[in-house]
There are 2 protein chains.
Amino acid sequence: MDERVPRDFETLRATILERRQSLPKRIAQIAAYALDNPDDIAFGTAASIAASAGVQPSTLIRFAQQLGFDGFTSLQLVFRERLRERNSSYDERLAALRAKAEEGAGHRAIFDGFVAAASTSLNDISGRLNEEHFEDAIALLAKAETIYVLAKRRSYPVASYIAYALGKLKIRNQLIESAAGLNAEMISFASPRDAVIAISFSPYAPAAIEEARVIFEQGVPIVAITDSSFSPLAQFAKVWFEVAEADFAGFRSLSATMALAMALTVAVGEKRRDAGRKRKA
Amino acid sequence: MDERVPRDFETLRATILERRQSLPKRIAQIAAYALDNPDDIAFGTAASIAASAGVQPSTLIRFAQQLGFDGFTSLQLVFRERLRERNSSYDERLAALRAKAEEGAGHRAIFDGFVAAASTSLNDISGRLNEEHFEDAIALLAKAETIYVLAKRRSYPVASYIAYALGKLKIRNQLIESAAGLNAEMISFASPRDAVIAISFSPYAPAAIEEARVIFEQGVPIVAITDSSFSPLAQFAKVWFEVAEADFAGFRSLSATMALAMALTVAVGEKRRDAGRKRKA
DNA sequence: AGCAATATGAAATAATAATTCCAATCCATA
DNA sequence: TATGGATTGGAATTATTATTTCATATTGCT
C-alpha cells in the first residue's frame, strides 16, 4: 500500500469519482455499486458483494488494488470505519460536551450541549419512527370529534404547542390543564368518538397516568408519546410512540418529541382536509 | 435456531438484561462487553472480540448459543443489522423519502420535514450564537430576584419549559400567562431588581409586545429571544438574541429556541451556584 | 486486419476465522 | 472434603473467505 491510499471514506469517494471515467467497465461497475451500497461493502463478503454487483470476486479485488489498497480486506476497513464514525460521532460529541460542562468549561459548552442533545434526539427518532404506527395514529386522530391533549410538567410544552397548532388548523381540541382543578370534569366529557394525545416521560407524572387511565376506561382511544415500552402510558394506548430524547445537564431535549407532535398534528389536518374534499365530491 | 431467537437488537438487549443474573461468570462478562461495545461485536472477529473482552473465542460462541443462536455468526448479524438501520445516513434517508413523497407516498414526508426543519435550525443557531450576548444575558438573569417569563401563542411552549426548568433549579420565577386575565397585576410587581425573558416571533403577539413595553418602562431589564433586529421586542431589550427557525407546513420549529432557552436557564443556575459558593467562602 | 496490451472469468490455493472437542478447573452439595 | 455437574481454556478441526493464477476474451492501435 503506498502512502496516498485513501483511508477515510470521503477521500475514497472523491478518488473514485475522479477516476470514474478512466476505469475499465467491470471495475467501474463495482465502483458504482460501492458508492451506492456502502453498507453492503462494509458487511458483505467478497463473494456476496461481487454477486450483488454482478462481477467476479477477483474484479472486486482488482478494484481495491487499483485504488492502492493491497486487497479487498483493507478497502473494506474504510467502509466499516465510516459506519463506526457515523454512529459514534453524535454520542461521543455529546459525552465530550457533558464532561466539558462538568469541569466548568464555561457557558458556551452548556449551549453546545443542548444543541447536541437536540441533534442526537432528532437523528435518533428519524431512524426509529414506526411508519405504520404513525399512519394508525393519524387515522385515529383524524376521525376524532375533539382531540384532547394530556401532558404534565416536562411534557407540557409539547402539549401546549400541539394545542396551538390544532387551533390554527381549526381542529377542535382541549388541553387538559391542571391549573383550574377542573380536569376531572373536563375528562368526563371525552367520549369514544373523541381521541387523546397523551405525552409522558419517566418519571411519569402520576396525575397524567391516572387521567390516562380514566380516559381509557371511558373507551376513548389514546395515542401516547412516551419513552419506553415499560411506560405505564403504553398499556392504555391504542397506538404509542417510543421517543428517546437525549438529555443534558439533567434536562431532556424536547426536539424529537416536538417534531413528532407537529408531524402528527399537521398530518391529521391534512387527512381531514382530504376527507372533507372527498365528501363534497 | 428455535423460533424465539431475538432477531432485532432491542429484543436481544432486553433478553440479555433479563438473564444477566443467571449467566455464568465468563458468559456474563462477554454479555456485558457486548452491550457496552455493540460496534465491536458488529465488526470484529470472534477471536478479536474475545480478546478484547478477556475471554476465549469458545466462550463467545457459547454465549451466542445460550441466547438461542446457532453460533457467533448469527449473533453478529443482529449487531450488524442494528448498525445498518441506525446508520442509513440521515441525508440518504432524507433524499429517499423526499423522492417517495413526490410520488405521493403520504405522511412520512411531513414527519421528515419537521425533523429537517429542526435540524436546520439547530445547525444554524450553533454557528450564529453571539457568545458575548450570551454571557451578558446570563449575568443579567443570574442576579435577578425573580425571573419573569413572557411569551404568547407560538412561543408559549418555550416559556413553559423555561418556567419548568427554573422551578427545578429552585430559581424564583413567574410565568406571565393570559388565562386568568391578571397579567397587568403580575407585571406591576416586577422591579428593576428582577429580570424578564421575553420570547416573541413574527407575527408578534400584540399582548406580548405591550407587556414588554410596560415592563421596560418599569425599568426591569429584558432578555429577548426573537427573530430579527426589527422585532419590536428588540427595542425594549437589554440583550437580545436573533434566532432563525426554519419552518415547515406553516409551523416554525422551536428546536433552536428551546436549546437556547435551556442553555440560558441552566447557565443561570450554574452561575448562581458559583456565586453562592463564593459568598460563603 | 493483426498484434499487443489490457481486462475478465473461473477455478485453484492460501489465509483466516468459526466451531468443536476434550482435558482441566471450578463450584455447589452431600 | 469428596463427588458430580457445570464451566472454562486451549488446541485441533472444519468452514468460510480472500487472493492468486492462468486461460480466454476484449480493446486499442498501427
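So you know, we letter chains A, B, ... as the sequences are listed, proteins then strands, and number each from 1.
- Put simply, CD1 on B/Ile125 and CD on B/Glu245 are 7.0 Å apart, with the number rounded to the nearest 0.5 Å.
- Below 30°, between 30° and 60°, or above 60°: for A/His133 and A/Trp240 the angle between ring planes is between 30° and 60°, a tilted geometry.
- A/Arg13 and A/Asp8 are not joined by a salt bridge, as no carboxylate oxygen comes within less than 4.0 angstrom of a charged side-chain nitrogen.
- Taking both residues in full, the closest heavy atoms of A/Phe114 and A/Ala249 are given as CZ-CB, 4.4 Å, listed atom of the first, atom of the second, then distance.
- For the contact set between residues 40-52 of chain A and DNA chain D, defined by any heavy atom under 4.0 Å, the members are A/Thr45, A/Ala46, A/Ala47.
- Across all non-hydrogen atoms, the minimal contact from B/Gln76 to B/Ala42 is NE2-O, 3.3 Å.
- Using a 4.0 Å cutoff on non-hydrogen atoms, the parts of residues 56-63 of chain A near DNA chain C are A/Gln56, A/Ser58, A/Thr59, A/Arg62, ordered by number.
- Looking at A/Val223 and A/Phe241, their side chains come closer than 4.5 Å, going by heavy atoms from C-beta outward.
- Pairing each heavy atom of A/Tyr33 with each of A/Ser52, the nearest pair is OH-CB, 3.1 Å.
- Across all their heavy atoms, B/Arg26 and B/Val55 have their closest contact at O-CG1, 4.0 Å.
- Other residues, nucleotides and ligands place more than 12 heavy atoms under 6.0 Å from the CD atom of A/Glu217.
- The side-chain contact (heavy atoms from CB on, under 4.5 Å) test with A/Phe236 singles out one residue from A/Val214, A/Ile215, A/Val220, A/Ile209, and that residue is A/Ile209.
- Nucleotides of DNA chain C lying under 4.0 Å from heavy atoms of chain B occupy a range whose first and last members, 5' to 3', are C/dA17 to C/dC21.
- Using a 30° and 60° split on the angle between ring planes, A/Phe43 and B/Phe43 fall in the parallel class, below 30°.
- Rounding to the nearest 0.5 angstrom, the gap separating the CG atom in A/Leu122 from the CG atom in A/Leu260 is 11.0 Å.
- Contact footprint of chain B on DNA chain D: nucleotides with an atom under 4.0 Å from a non-hydrogen protein atom, first to last in 5' to 3' order, D/dT7 to D/dG10.
- Pairing each heavy atom of B/Asp70 with each of B/Gln65, the nearest pair is O-NE2, 3.9 Å.
- No contact: B/Gln29 has no heavy atom under 4.0 Å from any strand.
- Closest non-hydrogen pair, B/Ala256 versus B/Ser121, comes out as CB-O, 3.7 Å.
- Between the two ends of the helix from C/dA1-D/dT30 to C/dA30-D/dT1, each summarised by a five-pair axis, the helix axis turns through 30° (rounded to 10 degrees).
- Taking B/Ser58 as the reference, B/Gln56, B/Arg62 meet the side-chain contact (heavy atoms from CB on, under 4.5 Å) condition, with sequence neighbours excluded.
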